[in-house]
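Below: the structure, in structure tokens.
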Amino acid sequence: MTTIKDVANLAGVSPAAVSRILNFDNSLSVSDETRRKVLEVAEKLQYKKHGKKVKKSGDRIAIIQWRSDEEEMNDLYYYQIQYGIESEAAAVGVATERLSLTASVQINMDQYSGIIAIGKFDRTEVEQLSHYGQPIVFIGENYLLHRFDSVQSDFVSPVHWIINHFLDLNITDIGMLAGKEQTTTHHSTVRDPRIATFTSRMTELGLFEERFFFQGAYNPDSGYELMNNAIHTLQDRLPHVFIIGSDAMAIGALRALQQSNIEVPNRVSLISFNDVAIAKYASPTLSTVHVHTELMGQKAFELLLKRIKNPQKVPEAILLGTTIIKRESSL
């Protein structure tokens, strides 16, 4: 496992600063540039490196990220996917360039061989991207409705696994801190299959309680506020388990529990999603659902090459499995 010292050496900062940055300690006075560098180094150290240099092919693809730089710094899940694409493309000599949806309007998109769009895009945004006339692959949701190739991860099965695991331990009071996402153009709320699965399964079991469900943004501050709200409103009825929408939210939730002297996992177990680098550096380390982001990037790149070679091929939607990683934050 990569250590904090490894991250510190590559980022050029002290191990103490790395630890505080990875735990989203806002009291640490560092620039956004330093903070981003540390977070990105921690992520890149998780990936395998391709051994040999490859001659550049001359091809370039555009990676459209729907998240702003500020949002990305609070939750590097989409950055993980981007890095997976870049790594796979570099292995065959294809150059990549990151663009925002807005920036794509301002330049000549004909310079790219294709587009990989990462995130959740509404109909207007899909139509904007398709207007460029380039082969496109989407990562994040199923876009067969629009007749585009796509790659996504299974977020339904893990919710069932987590619920069943705690039922086997005779723990039935399970809560959720869920994230909320909106599309960029119309600000439409994106459906989260984890919320639907959690609600339906717990209702089916006769265990769902609305007061155990909290929703906010996918960042540490939101996780902190939501857990504080749960602690103060529920008091002794605080659930023994929380399923949390992202590792970043879980970092904030963990801080709120620790400030209230609530033991993790003896009193409250936490299981989050994504398995970004910060999950391994939290104290206690976070149990989480590992999303195979590098494989998502690889599959999307492969689909794009197939689409470039055969523009008339039948659209494909790839659904990748996920893996529960049990660490110290849960029973």
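Nearest heavy atom pair, residue A11 against residue V38, reads CB-CG2, 3.9 Å. Here the shortest heavy-atom pairing between L10 and L45 reads CD1-CD2, 3.4 Å. Summarising the geometry of I85 relative to G297, their closest heavy-atom pair is CG1-CA, 3.6 Å, with the distance given to 0.1 Å. Nearest approach of L177 to G223, heavy atoms of both residues: CD1-O, 4.2 Å. For the pair L226 and G216, the tightest heavy-atom approach, listed with the atom from each and the gap, is CD1-N, 3.6 Å. S113 approaches P135 most closely through the heavy-atom pair O-CD, 3.4 Å.
Taking hydrophobic clusters as Ile, Leu, Val, Met, Phe, Trp and Tyr residues chained together by side-chain heavy-atom distances below 4.5 Å, L101 shares a cluster with F148. By the criterion of side-chain heavy atoms lying less than 4.5 angstrom apart, applied directly or through intervening Ile, Leu, Val, Met, Phe, Trp or Tyr residues, L145 is not grouped with V126; the two fall into different hydrophobic clusters. When the side chains of ILVMFWY residues are joined at heavy-atom separations under 4.5 Å, either directly or via intervening members, I325 and I278 end up in two distinct hydrophobic clusters. Cluster annotation: L270 and I231 are assigned to the same hydrophobic cluster (Ile/Leu/Val/Met/Phe/Trp/Tyr, side-chain heavy-atom contacts under 4.5 Å, transitive). Under a hydrophobic-cluster definition in which Ile, Leu, Val, Met, Phe, Trp and Tyr are linked whenever side-chain heavy atoms come within less than 4.5 Å, directly or via other members, I116 and L319 are assigned to different clusters.
Counted by atom type alone, S104 and Y132 present one or more donor-acceptor pairs between their side chains at under 3.5 Å. Judged by distance alone, the side chains of T323 and H292 do bring a donor and an acceptor atom under 3.5 Å apart. Between the side chains of Q259 and Y224, at least one donor-acceptor pair of N or O atoms lies under 3.5 Å. Under the 3.5 Å distance criterion, with hydrogens and angles disregarded, a donor-acceptor pair is assigned to the side chains of E97 and Y112.
A donor-acceptor pair is defined here as one N or O able to donate and one able to accept, closer than 3.5 Å; such a pair exists between the side chain of S222 and the backbone of A217. Using modelled atom types, no side-chain atom of E125 and backbone atom of T183 make a donor-acceptor pair closer than 3.5 Å. With hydrogens and angles ignored, the 3.5 Å screen pairs a side-chain donor or acceptor of N23 with a backbone N or O of S19. In terms of modelled atom types and a separation under 3.5 Å, the side chain of Q111 and the main chain of N108 share a donor-acceptor contact. Checking side-chain atoms of E43 against main-chain N and O of A277 turns up a donor-acceptor pair under 3.5 Å. At distances below 3.5 Å, at least one donor-acceptor pair connects side-chain atoms of T197 with backbone N or O atoms of P193. The closest donor-acceptor contact from the side chain of T199 to the backbone of A196 lies at 3.5 Å or more, if one exists at all. With D6 contributing its side chain and T3 its backbone, the two residues share a donor-acceptor pair below 3.5 Å. With hydrogens and angles disregarded, a donor-acceptor distance shorter than 3.5 Å links the side chain of Q65 to the backbone of Y78. With N229 contributing its side chain and E225 its backbone, the two residues share no donor-acceptor pair below 3.5 Å.
Under the 4.0 Å criterion applied to side-chain N and carboxylate O atoms, E141 and K120 are not assigned as salt-bridge partners. Between E86 and R98 no salt bridge is recorded (no basic side-chain N to carboxylate O distance below 4.0 Å). The existence of a salt bridge linking R327 and D275 is confirmed by a sub-4.0 Å separation between a basic side-chain nitrogen and an acidic carboxylate oxygen. No salt bridge links D173 with R237; every basic N to acidic carboxylate O contact stays at or beyond 4.0 Å.
Counting non-hydrogen atoms of neighbouring residues, nucleotides and ligands closer than 6.0 angstrom, the CD atom of E263 reaches no more than 12 such neighbours. Other residues, nucleotides and ligands contribute only 12 or fewer heavy atoms inside 6.0 Å of the NZ atom of K5. Residue-environment remark: CD (E204) exceeds the threshold of 12 foreign heavy atoms within 6.0 Å. For K313, the NZ atom is densely surrounded, since the number of other residues' heavy atoms within 6.0 Å is greater than 12. Surrounding CZ of R267 are more than 12 heavy atoms belonging to other residues, nucleotides or ligands, all under 6.0 Å away.
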Residues V291, I81; criterion side-chain contact (heavy atoms from CB on, under 4.5 Å); working and verdict
CA-CA 10 Å; V291 180; I81 297 173; over 6 Å; no

Intermediate values then yes/no, side chain to side chain donor-acceptor pair (under 3.5 Å), T34 and S31:
CA-CA 5 Å; T34 299; S31 67; 3.0 Å; yes

List the steps and the verdict of side-chain contact (heavy atoms from CB on, under 4.5 Å) for Q152 and N142.
CA-CA 7 Å; Q152 62 182 140; N142 185 326; 3.2 Å; yes

Could you go through the side-chain contact (heavy atoms from CB on, under 4.5 Å) check for K309 and K306 one step at a time?
CA-CA 5 Å; K309 185 176 181 179; K306 289 168 65 176; 5.8 Å; no

Evaluate R201 against L207 for side-chain contact (heavy atoms from CB on, under 4.5 Å), listing each step before the verdict.
CA-CA 9 Å; R201 179 58 177 154; L207 299 174; over 6 Å; no

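For the pairing with S287, the side chain to side chain donor-acceptor pair (under 3.5 Å) check across S269, S330, S272 returns one residue only, S330.
Side-chain atoms of N310 and Q312, non-hydrogen and from C-beta on, do get closer than 4.5 Å to each other. Here the side chains of F212 and I174 are not in contact, with every heavy-atom distance at 4.5 Å or above. The shortest side-chain heavy-atom distance between L303 and I318 falls under the 4.5 Å cut-off. Side-chain contact between V94 and E88 is absent, with no heavy atoms from C-beta onward closer than 4.5 Å. In this structure, the side chains of F242 and M176 stay at 4.5 Å or more apart for every pair of heavy atoms. When side chains are defined from C-beta on, I271 does not count as touching T288, because their heavy atoms never get closer than 4.5 Å. In this structure the side chain of T322 reaches within 4.5 angstrom of the side chain of W161, judged on heavy atoms. Within the 4.5 Å cutoff, the side chain of R255 has heavy atoms near those of the D221 side chain.
Atom CD1 of I244 and atom CG of N274 lie 12.0 Å apart (nearest 0.5 Å). Within the model, atoms CZ of F138 and CG of L144 stand 11.5 Å from one another, a figure rounded to the nearest 0.5 Å. Separating the CE atom in M296 from the CD atom in Q82 is a distance of 13.5 Å, to the nearest 0.5 Å. Atom CD of Q182 and atom CG of D122 lie 11.0 Å apart (nearest 0.5 Å). Distance CG/D192 to CD/E181: 7.5 Å, rounded to 0.5 Å. We find the CG-CG distance between L304 and D149 to be 8.5 Å, quoted to the nearest 0.5 Å.
Below 30°, between 30° and 60°, or above 60°: for F208 and F198 the angle between ring planes is above 60°, a perpendicular geometry. Relative orientation of the W66 and F121 rings is tilted, given thresholds of 30° and 60° on the angle between their planes. Relative ring orientation between Y143 and H146 is described as tilted, the plane-to-plane angle lying within the 30° to 60° band.
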